[in-house]
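All of these numbers come straight from a predicted model, not from anything done at the bench. Side chains included, hydrogens not; waters and symmetry mates left out as well; all remaining heavy atoms used. One is the number of the first residue; the rest follow in order along the sequence.
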Amino acid sequence: VWRKRFYTGVGEFTTDILKKLNVDKAFIATNAVGKDGKLSTPDPLQAEVKKRMLETGTRKYLLADGSKFDTVSLVNFADVKDFDCVITDGSVPDPALKKIKENGTEIITA
């Protein structure tokens, strides 16, 4: 399935292709980072693609600006702990930053 508005592929065809890939670096964005560290998105098919991308990457980077933290969306797909690095802006709430650091996850602030 092609999501025209977002220029992304989702569904079985996309996840089957991702199963065959091995990538050095996987950059994955999220719609929400809950206070418990769970990542979520409103689209179940997109959640499956994100899960598969996590499996293909040797090093995993989470992309999330400060507005995504302390929020939730419909479908959980991962945890912040699943990532090697979080790339964000300077507006992440301090408690969330503290949790990320406690997990030993690298933080890059752009």
Asker: What are the two closest heavy atoms between Thr56 and Leu18, and how far apart are they?
Answerer: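 Smallest heavy-atom distance, with atoms named: CG2-O, 2.9 Å.
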Asker: Would you kindly confirm whether Ile108 and Leu63 end up in one hydrophobic cluster when ILVMFWY residues are joined by side chain heavy atoms under 4.5 Å apart?
Answerer: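 Result: yes, single cluster for both.
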Asker: Is a side-chain N or O of Ser40 found less than 3.5 angstrom from the main chain of Val72, in a donor-acceptor match?
Answerer: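 Between the backbone of Val72 and the side chain of Ser40 there is no qualifying donor-acceptor contact (under 3.5 Å).
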Asker: I want to check something: taking the side chain as every heavy atom from C-beta on, are Phe27 and Leu62 in contact at a cut-off of under 4.5 Å?
Answerer: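 No - every pair of side-chain heavy atoms lies 4.5 Å or more apart.
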Asker: Please answer whether the main-chain N or O of Lys60 pairs with a side-chain N or O of Asp84 as donor and acceptor at a distance below 3.5 Å.
Answerer: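 Confirmed, Asp84 side chain pairs with Lys60 backbone.
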Asker: Quick check: closest heavy atoms across Gln46 and Val10, and the distance to 0.1 Å?
Answerer: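 The answer is OE1-CG1, 3.2 Å.
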Asker: Does Thr109 use its side chain to pair, donor to acceptor, with the backbone of Gly90 at less than 3.5 Å?
Answerer: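 A pair under 3.5 Å: no.
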Asker: Take Phe77 and Thr41, measure what side-chain contact (heavy atoms from CB on, under 4.5 Å) needs, and give me the verdict at the end.
Answerer: CA-CA 8 Å; Phe77 67 87; Thr41 185; 4.1 Å; yes
Asker: Kindly give the heavy-atom pair with the smallest separation between Ala32 and Thr71, and that separation in Å.
Answerer: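 For Ala32 and Thr71, the tightest heavy-atom pair comes out as CB-OG1, 3.3 Å.
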Asker: To the nearest 0.5 Å, how far apart are CD1 in Ile100 and SG in Cys85?
Answerer: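 SG of Cys85 is found 10.0 Å from CD1 of Ile100.
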Asker: Indicate yes or no for a side-chain donor-acceptor contact from Asn103 to the backbone of Thr105 under 3.5 Å, with no hydrogens or angles considered.
Answerer: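 Here the side-chain-to-backbone pair does not exist.
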Asker: Roughly how far, to the nearest 0.5 Å, is the OG1 atom of Thr30 from the CZ atom of Phe69?
Answerer: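 Answer for the CZ-OG1 pair, Phe69 versus Thr30, is 9.0 Å.
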Asker: Could you check whether any side-chain N or O of Lys101 sits under 3.5 Å from a backbone N or O of Glu106, counting only pairs where one atom can act as donor and the other as acceptor?
Answerer: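 Flag not set: sc Lys101 to bb Glu106 has no pair under 3.5 Å.
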Asker: Just how far is it from atom CG of Leu39 to atom CZ of Phe83, taken to the nearest 0.5 Å?
Answerer: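 If we round to the nearest 0.5 Å, Leu39:CG and Phe83:CZ are 5.5 Å apart.
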Asker: Kindly give the heavy-atom pair with the smallest separation between Ala26 and Gly57, and that separation in Å.
Answerer: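 Heavy-atom minimum between the residues: CB-CA, 4.0 Å.
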Asker: Return the minimal non-hydrogen interatomic distance between Asp70 and Pro93, and the atom names on each side.
Answerer: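 Shortest heavy-atom contact: OD2-CG, 3.6 Å.
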Asker: For residues Leu45 and Leu74: do they belong to one hydrophobic cluster (side chain heavy atoms under 4.5 Å, members Ile, Leu, Val, Met, Phe, Trp, Tyr)?
Answerer: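 Looking at the clustering, Leu74 is in a separate group from Leu45.
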Asker: Between Lys51 and Glu48, does any side-chain N to carboxylate O distance fall below 4.0 Å?
Answerer: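 Yes, Lys51 and Glu48 are salt-bridged.
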Asker: Verify whether one side chain among Asp89 and Ser91 offers a donor that lies under 3.5 Å from an acceptor in the other.
Answerer: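 The answer is yes; a qualifying pair exists.
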Asker: To the nearest 0.5 Å, tell me how far Asn22 CG sits from Glu55 CD.
Answerer: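 Here the interatomic distance stands at 11.5 Å.
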Asker: Can a donor-acceptor pair be found, under 3.5 Å and without considering hydrogens, that links the side chain of Asp16 to the backbone of Phe13?
Answerer: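 Not at all, since once roles are kept as given, no pair shorter than 3.5 Å links the two residues.
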Asker: Regarding Thr88 and Asp65, is there a side-chain donor-to-acceptor distance under 3.5 Å anywhere?
Answerer: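 Result is no, nothing qualifies.
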Asker: If two hydrophobic side chains count as joined below 4.5 Å and joins carry through other members, does Ile87 share a cluster with Ile107?
Answerer: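 Cluster IDs for Ile87 and Ile107 differ.
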Asker: Would you say Asp36 has more than 12 foreign heavy atoms packed within less than 6.0 Å of its CG?
Answerer: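 For Asp36, atom CG is crowded (more than 12 foreign heavy atoms under 6.0 Å).
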Asker: Give, for atom NZ of Lys20 and atom CZ of Arg52, the distance between the pair rounded to the nearest 0.5 Å.
Answerer: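 Atom-to-atom, Lys20:NZ and Arg52:CZ are 11.5 Å apart.
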Asker: More than 12 foreign heavy atoms under 6.0 Å from CG of Asp24: is that the case here?
Answerer: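 Atom CG in Asp24 is not crowded, with 12 or fewer foreign heavy atoms closer than 6.0 Å.
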Asker: Indicate yes or no for a side-chain donor-acceptor contact from Thr58 to the backbone of Val23 under 3.5 Å, with no hydrogens or angles considered.
Answerer: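 Yes, the answer is positive, given that a donor and an acceptor are paired below the 3.5 Å cut-off.
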Asker: With rounding to the nearest 0.5 Å, note down the distance linking CG in Asp79 to CG in Leu54.
Answerer: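 Here the interatomic distance stands at 10.5 Å.
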Asker: Can you find a pair of side-chain heavy atoms, one from Val75 and one from Pro42, that are under 4.5 Å apart?
Answerer: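 They are not in side-chain contact.
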Asker: Does one hydrophobic cluster hold both Val49 and Val33, with members joined at side-chain heavy-atom distances below 4.5 Å?
Answerer: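 Same hydrophobic cluster.
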Asker: Can you tell me if Lys50 uses its side chain to pair, donor with acceptor, with the backbone of Ala29 under 3.5 Å?
Answerer: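 Yes.
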Asker: Following the transitive rule for hydrophobic clusters with a side-chain heavy-atom cut-off under 4.5 Å over Ile, Leu, Val, Met, Phe, Trp and Tyr, establish whether Leu97 and Val80 coincide in one cluster.
Answerer: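 Yes, Leu97 and Val80 fall within the same hydrophobic cluster.
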